[in-house]
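In what follows, chains carry the letters A, B, and so on, assigned in the order in which the sequence lines appear, proteins first and then strands, with residues in each chain numbered from 1. Just so you know, these numbers come straight off a predicted model, no measurement behind them.
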2 protein chains.
Amino acid sequence: MARTKGSDSKLTELRIRKVALNLFSQYGYAAVSMRRIASKLDLQVGTLYLYTPNKQALLFDLLKTHMDSVLKNWGLENVEIEPDKRLKAFTKFHIRFHIGRIEHVNISYNELKNLTGENFDHVNSLRSEYEKSLEEILTFGRDQGYFDIQDVKLTGLAIIAMLNGVLKWYRTDGRLSLDDVEEIYSEMAYKSVMIVDN
Amino acid sequence: MARTKGSDSKLTELRIRKVALNLFSQYGYAAVSMRRIASKLDLQVGTLYLYTPNKQALLFDLLKTHMDSVLKNWGLENVEIEPDKRLKAFTKFHIRFHIGRIEHVNISYNELKNLTGENFDHVNSLRSEYEKSLEEILTFGRDQGYFDIQDVKLTGLAIIAMLNGVLKWYRTDGRLSLDDVEEIYSEMAYKSVMIVDN
DNA sequence: GTCTATATCCCGATAGAC
DNA sequence: GTCTATCGGGATATAGAC
């Protein structure tokens, strides 16, 4: 079980990021001190600064890495989907991808305001990019006569807000499986923009 | 323009609450210091403690007062509504009531975690009560054959999350009037639980 | 009713020992 | 690679002058 110095270092870095994510998600960035993060890892606070230049960079890294991951994975799926199935594909991807990443979802939507200038702009543009890919689906669907949408931007925000709401509050308490959740809420999102006869 | 001591005191209390709400909403409870609240009011920090026993009580008061107000106003409307119109009534009420209270919405959903023990339980139970009134509407609608709902609790959360998402991001930028927003999103919520033929 | 001054503590970050 | 010790500052909250 020999461990090199390098692998120890890499491991410590991962553990720091994991604990920071957990605490930021649970108590909020501003309420969590570097001492508290260190304490939970049985480290001294000075040690943290070998792995991150400051607290802000820790948050920025978590947010940027997550958004990069979201965009990359959605990009891999968002090809060669038949037009009328694109919205369902998006909503199912969104739920499936994020349901095991509740802590990332929490900080992505609650802690953006704690990023400073450039950091905020960077992460915000990544999020806009993701939202834009949904807006394109909605616009296309409307133009092709599939959907009844009055305002694409707000409709996109509404759908993502709905899906995130479910993600945040969903607990695996046995009532519903992940498959159930995925199906139910992608269906709800789909129906919310459907054309209906009155 | 004579002002009594009493009215000055009442005014100061209101100003403190208003500024605290504004700052908590914008930067988050944990990131806002008592000094900052005082500074924005051209007061010294000691003065704040004449009007609130501590910072926590300031947050609790804002959250409790808001939730009491929500429940009271919805209670006044939620009478004598024809069963099949109850969901639309709820969603329209929710949007109309909250759209001028964005800061309250922000703290209600972001700062709950900063309430301590009893305070959290109290405000959380008020929120549950409000959510429960939506769940009752959904359950009734499903039992009467109006709605296609697989899980009432998560559906309720999804609808409220969707509506709140719109509230948070909606800006009066001229594209849409408040009436438009109210109509569009109560319609989306309604359609999301509608029965459709496949 | 508000201010000044202060007690007590915790914060982010750094220097240097081991 | 991690620790101890510490700097400088800002936090909540209180005491007492005016």
Side-chain angles (χ1 to χ4, degrees), chain A residues 1-21 23-24 26-63 107 111 113-120, chain B residues 1-21 23-24 26-63 107 111 113-117 119:
Chain A
M1 255 313 207
R3 288 190 252 168
T4 67
K5 285 181 183 177
S7 68
D8 264 347
S9 174
K10 194 68 196 166
L11 179 63
T12 304
E13 189 185 338
L14 289 174
R15 289 174 67 231
I16 289 173
R17 290 164 56 87
K18 182 170 178 169
V19 166
L21 170 64
L23 292 177
F24 289 166
Q26 200 170 350
Y27 303 103
Y29 171 79
V32 173
S33 68
M34 294 295 270
R35 278 173 170 78
R36 192 166 173 186
I37 295 171
S39 161
K40 194 159 177 179
L41 288 161
D42 284 319
L43 290 176
Q44 294 305 308
V45 68
T47 308
L48 296 184
Y49 288 88
L50 284 168
Y51 298 92
T52 182
N54 49 52
K55 188 185 171 189
Q56 166 82 193
L58 204 46
L59 176 63
F60 175 68
D61 244 48
L62 291 170
L63 290 169
I107 64 169
E111 306 303 340
K113 62 176 177 289
N114 286 306
L115 288 180
T116 54
E118 285 182 357
N119 288 346
F120 177 89
Chain B
M1 255 310 206
R3 288 190 254 167
T4 67
K5 286 179 184 177
S7 69
D8 265 344
S9 174
K10 196 68 196 167
L11 178 63
T12 304
E13 188 185 339
L14 289 174
R15 288 174 69 228
I16 289 174
R17 291 166 56 89
K18 182 170 179 168
V19 165
L21 169 64
L23 292 176
F24 289 166
Q26 199 169 351
Y27 303 104
Y29 172 79
V32 173
S33 68
M34 295 294 270
R35 275 173 171 76
R36 194 165 172 188
I37 296 171
S39 161
K40 195 158 176 179
L41 288 161
D42 285 319
L43 290 176
Q44 294 304 309
V45 68
T47 308
L48 296 185
Y49 289 88
L50 283 168
Y51 297 92
T52 181
N54 50 52
K55 190 184 169 188
Q56 165 81 195
L58 205 44
L59 176 62
F60 175 68
D61 243 49
L62 290 170
L63 289 170
I107 64 169
E111 307 301 341
K113 62 176 177 292
N114 287 306
L115 288 181
T116 55
N119 288 346

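A:Thr12 has a side-chain polar atom (N or O) that falls below the 4.0 Å cut-off from OP1 or OP2 of D:dT2. The phosphate of C:dT4 has OP1 or OP2 within less than 4.0 Å of a side-chain N or O from B:Gln44.
Looking at every heavy atom in both residues, B:Ala30 comes nearest to A:Ala30 through CB-CB, 3.8 Å.
Distance A:Ile16 CD1 to D:dT2 P: 8 Å, rounded to the nearest Å. Whole-Å rounding puts the B:Leu48 CG to D:dA11 P distance at 13 Å. If you measure from atom CD of B:Glu13 to atom C1' of C:dG1, you get 14 Å, rounded to the nearest angstrom. Per the geometry, CD1 belonging to B:Ile37 stands 17 Å off P belonging to D:dG10, to the nearest Å.
The CG atom of A:Leu21 lies 11.0 Å from the CD atom of A:Gln26; values are rounded to the nearest 0.5 Å. Taken to the nearest 0.5 Å, the CG atom of B:Leu23 stands 11.5 Å off from the CE atom of B:Met34.
The C1' atoms of five pairs define one axis at each end of the helix from C:dG1-D:dC18 to C:dC18-D:dG1, and these two axes lie 0° apart (to 10°).
With sequence neighbours left out, the side chain to side chain donor-acceptor pair (under 3.5 Å) criterion links B:Lys40 to B:Asn22. Among residues two or more places apart in sequence or in another chain, the side chain to side chain contact (heavy atoms under 4.5 Å, CB included) test is passed with B:Ser33 by B:Arg35, B:Arg36. For B:Leu41, the side chain to side chain contact (heavy atoms under 4.5 Å, CB included) test picks out B:Arg15, B:Ile16, B:Val19, B:Ile37, B:Leu43, with sequence neighbours left out.
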Expected list for residues 47-58 of chain A: side-chain donor-acceptor pairs under 3.5 angstrom, two or more places apart:
{"residue": "A:Thr47", "atom": "OG1", "partner": "A:Gln44", "partner atom": "O", "Å": "3.4"}
{"residue": "A:Thr52", "atom": "OG1", "partner": "A:Asn54", "partner atom": "O", "Å": "2.9"}
{"residue": "A:Asn54", "atom": "OD1", "partner": "A:Gln56", "partner atom": "N", "Å": "3.4"}
{"residue": "A:Asn54", "atom": "OD1", "partner": "A:Ala57", "partner atom": "N", "Å": "2.9"}
{"residue": "A:Lys55", "atom": "NZ", "partner": "A:Tyr29", "partner atom": "O", "Å": "3.1"}
{"residue": "A:Lys55", "atom": "NZ", "partner": "A:Val32", "partner atom": "O", "Å": "2.8"}
{"residue": "A:Gln56", "atom": "OE1", "partner": "A:Thr116", "partner atom": "N", "Å": "2.9"}
{"residue": "A:Gln56", "atom": "OE1", "partner": "A:Thr116", "partner atom": "OG1", "Å": "3.2"}
{"residue": "A:Gln56", "atom": "OE1", "partner": "A:Asn119", "partner atom": "ND2", "Å": "3.1"}
{"residue": "A:Gln56", "atom": "NE2", "partner": "A:Asn114", "partner atom": "O", "Å": "3.1"}

Nucleotide by nucleotide, nucleotides 12-18 of chain C touches protein heavy atoms under 4.0 Å in the pattern (B base, S sugar-phosphate only, - none) BBB----
